[in-house]
Protein chains: 2
Amino acid sequence: METRDFLRGRRRSELTEAEIAALETAIERVETVPARKVMSRRGERMRYSTLLVEGYACRYMDARDGYRQLLSYHVPGDFVDLHGYPSRFIDHDVGTISEAKFAFIPHEQIDRIMVDRPHLAAMLWFSTLLDAALHREWIFRIGRLDAAGRLAHFLCETFCRMSAVGRVSDNGYDLPLTQQDLGEATGLTSVHVNRIVRRLREDGLAIVGRGKARILDFGQLARVGEFDSDYLYLEDGPWKA
Amino acid sequence: METRDFLRGRRRSELTEAEIAALETAIERVETVPARKVMSRRGERMRYSTLLVEGYACRYMDARDGYRQLLSYHVPGDFVDLHGYPSRFIDHDVGTISEAKFAFIPHEQIDRIMVDRPHLAAMLWFSTLLDAALHREWIFRIGRLDAAGRLAHFLCETFCRMSAVGRVSDNGYDLPLTQQDLGEATGLTSVHVNRIVRRLREDGLAIVGRGKARILDFGQLARVGEFDSDYLYLEDGPWKA
DNA sequence: CGGTCAGTTGAAAGGCTTCAACGTATGTGG
DNA sequence: CCACATACGTTGAAGCCTTTCAACTGACCG
């Protein structure tokens, strides 16, 4: 059951047994990829899409001067490059953060789903729109929040998403990002991320470091980050007070 | 032919006559909406999706302190809130910029397209992924470029998109955005936008004002904004030197 | 012709970056 | 088991890009 976490914890994602089985049989192979490895490159022709089964990955773009901008962060259950299906190629890079396990689904299999299973097709479409909603929230985060707000918002987001796929215990979860990575996700320098992480810790909001995050005061963190989990389309959980 | 501009000028968007006809007959009604009017509100239940036929619109989110963040800018041919189809509601606001004409397509009609016309359905899906690609570029723009770069990038993007749908003449096009709006799109204040617009003009790159933009030196503007039109999936045009 | 809204400009303040050095953990080879 | 390399994290000081605050201009309109 490699598709176990696909759309897990999301509203409006009712899949029938038959649909889950269809998705499962569409998988060609499952592969484990080392940490910090490029999976797909900008402009590359895509013949399959990959579902992240275990581990963490991200999308990113490179600026001319060598700086990176992270575009999204992915957790198990995310259909990472389904964006390459309708257009047959992708416009950004995809890479792993930690060691990760991917299920490969050839595009011909998705073609068949489009023809035979309109509802499952709509759910695949839906999952790419969840990414779009995530992107919009990142625009808001970077465009309108200050450094502390950006970090707080990012932490709230990862907390909720990890919780939805059962990867949170005692308000802590794996977050294998360096301060450099966090800066590339939030449009900040690693130096400034360092100072903000420290402030969040001193203020008792969250502890970030050593590949882990622990949320100490979600309510306060959500206030600082102007975070509202609606855009994640999650079933009810601890983040809805 | 209200769907005349749908996917116009985009690569990988071959629609058959029958598909265009099917889309055309899916339209329930066409409506003209005044400038600066809210079309859909965050959290609203959606029963139809709208195709922008003429005029300009945008997506946006409000921050607590009253500031807005624009999330995308829409030109004729854009299927603005198709994002509300698979999930039945939207997570952001949509409003007009100028007076605009919309074609309304009920979700039941899209359901039928999903069942009867898998290829057209894939094209609808594709059009929402163009939005996602746009969102990613906006993240990059705001996260990694300075003020001049952000404005330059935004101008290159609107220039290319307007050109693709035949709304550019003599390198000039309608851009009915105030400097305040431009600031909300780029994560800047209107005061700073003013200074940058002035600099772009003095440097001979572009003239922005009075609801119009004119590109004087696209190559230089693209360099400043680190702009590459790949993500727009456009047929060849003047922007590919 | 006053009122409003967009645009313009100057001066001061501030948040974040830059630069640079140092600390700390982990791993590897002699 | 220590010496060394490397990568990540920490801290301070200086500088700059952008914001903030404030005032003024110009265009349009009832």
Side-chain angles (χ1 to χ4, degrees), chain A residues 34-37 56 63 65-70 97-99 141-154 174-203 206-214 224-225, chain B residues 34-37 56 63 65-70 97-99 141-154 174-203 206-214 224-225:
Chain A
R36 305 282 161 174
K37 187 159 180 317
Y56 307 96
D65 53 11
Y67 286 110
R68 273 194 329 174
Q69 174 66 47
L70 290 204
I97 297 285
S98 64
E99 179 178 283
R141 173 196 297 161
I142 301 179
R144 285 289 159 242
L145 300 181
D146 63 11
R150 294 185 206 174
L151 256 307
H153 189 287
F154 181 78
D174 287 336
L175 190 72
L177 295 170
T178 65
Q179 295 183 347
Q180 178 70 32
D181 295 328
L182 288 171
E184 291 173 351
T186 52
L188 299 167
T189 60
S190 63
V191 173
H192 203 56
V193 167
N194 181 282
R195 298 192 225 270
I196 302 295
V197 162
R198 175 186 182 177
R199 204 163 87 205
L200 292 179
R201 177 168 19 87
E202 289 175 352
D203 292 350
I207 297 171
V208 176
R210 302 157 178 263
K212 305 249 180 215
R214 180 177 300 277
V224 171
Chain B
R36 306 282 163 175
K37 186 158 180 317
Y56 308 96
D65 53 12
Y67 285 110
R68 272 196 327 175
Q69 174 67 47
L70 289 204
I97 297 285
S98 63
E99 180 178 282
R141 174 195 295 160
I142 301 179
R144 284 291 158 241
L145 301 180
D146 63 11
R150 293 185 208 175
L151 256 306
H153 190 286
F154 180 77
D174 287 335
L175 190 71
L177 294 171
T178 65
Q179 294 183 348
Q180 177 69 32
D181 295 329
L182 288 170
E184 291 172 351
T186 52
L188 299 168
T189 59
S190 61
V191 172
H192 204 54
V193 167
N194 181 282
R195 298 191 226 269
I196 302 295
V197 162
R198 176 187 182 174
R199 202 163 88 208
L200 292 179
R201 176 168 18 89
E202 289 174 352
D203 292 349
I207 298 173
V208 176
R210 301 154 179 265
K212 305 251 179 215
R214 179 178 301 277
V224 171

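Chain naming here is simple, since letters A, B, ... match the order of the sequence lines and numbering starts at 1 in each.
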- Message: At 10 degrees resolution, what angle do the end axes of the helix from dC1(C)-dG30(D) to dG30(C)-dC1(D) form when each is taken over five base pairs?
- Response: 30°
- Nearest heavy-atom contact between Pro176(A) and Ile97(A) is O-CG2, 3.2 Å
- Would you mind telling me which of dT17(C), dT20(D), dT8(C) lies closest to the side-chain atoms of Leu188(A)? dT17(C)
- For DNA chain C, whose closest nucleotide is more 5', that of Arg144(B) or that of Gly211(B)? Gly211(B)
- Task: Check whether any side-chain heavy atom of Tyr67(A) sits under 4.5 Å from a side-chain heavy atom of Glu184(A), and report yes or no.
- Result: no
- Write down the atom of Val208(B), the atom of Val197(B), and the distance for their closest heavy-atom approach. O-CG1, 3.6 Å
- Query: Across the strands shown, which category fits Gly187(B) at heavy-atom distances under 4.0 angstrom: base, sugar-phosphate, nothing?
  - Reply: sugar-phosphate
- Item | Protein-nucleotide distance (Leu182(A), atom CG; dT10(D), atom P), rounded to Å | 11 Å
- Whole-Å distance between dC16(C) C1' and Tyr67(A) OH? 13 Å
- Heavy-atom pair with the smallest gap, counting every atom of Ile142(B) and Ala185(B): CD1-O, 3.8 Å
- Is any side-chain heavy atom of His153(B) closer than 4.5 Å to a side-chain heavy atom of Arg150(B)? no
- Distance, rounded to the nearest Å, where Gln179(A) contributes CD and dT18(C) contributes P: 16 Å
- Task: Take atom NE2 of His192(B) and atom P of dG14(C), then tell me their distance rounded to the nearest Å.
- Result: 18 Å
- Query: Atom CD of Glu184(A) to atom P of dC16(C): distance rounded to whole Å?
  - Reply: 18 Å
- Residues touching DNA chain C, which here means a heavy atom under 4.0 Å, drawn from residues 193-203 of chain B: Asn194(B), Arg195(B), Arg198(B)
- Query: Among the nucleotides dT18(D), dT11(D), dC21(D), which one has an atom lying closest to any side-chain atom of Val191(A)?
  - Reply: dT11(D)
- Item | Length of the CG-C1' vector between Asp146(A) and dA13(C), whole Å | 16 Å
- Item | Closest approach of Arg144(B) to Gly183(A) (non-hydrogen atoms, all atoms of both residues) | NH2-O, 3.3 Å
- Message: Ignoring hydrogens, what is the shortest heavy-atom contact between Ala148(B) and Arg199(B)? Give both atom names and the distance.
- Response: CB-NH2, 3.4 Å
- Calculate the interatomic distance between Arg150(B) atom CZ and dC17(D) atom P; express it in whole Å. 13 Å
- Query: Counting side-chain heavy atoms from CB outward, which of dT9(C), dC8(D), dA6(C) is closest to Thr178(A)?
  - Reply: dC8(D)
- Message: Assess the residue pair Arg36(B) and Asp181(B) against the criterion (salt bridge (charged side-chain N to carboxylate O under 4.0 Å, His left out)); give the C-alpha distance rounded to whole Å, side-chain angles, the decisive distance to 0.1 Å, and a yes or no.
- Response: CA-CA 11 Å; Arg36(B) 306 282 163 175; Asp181(B) 295 329; 2.7 Å; yes
- Item | Length of the line joining Leu177(A):CG and dC8(D):P, which is rounded to integer Å | 12 Å
- Item | Under 4.0 angstrom between Gln180(A) side-chain N/O and dA7(D) OP1 or OP2 | no
- Item | Flag side-chain contact, heavy atom, 4.5 Å: Leu175(A) against Phe154(A) | yes
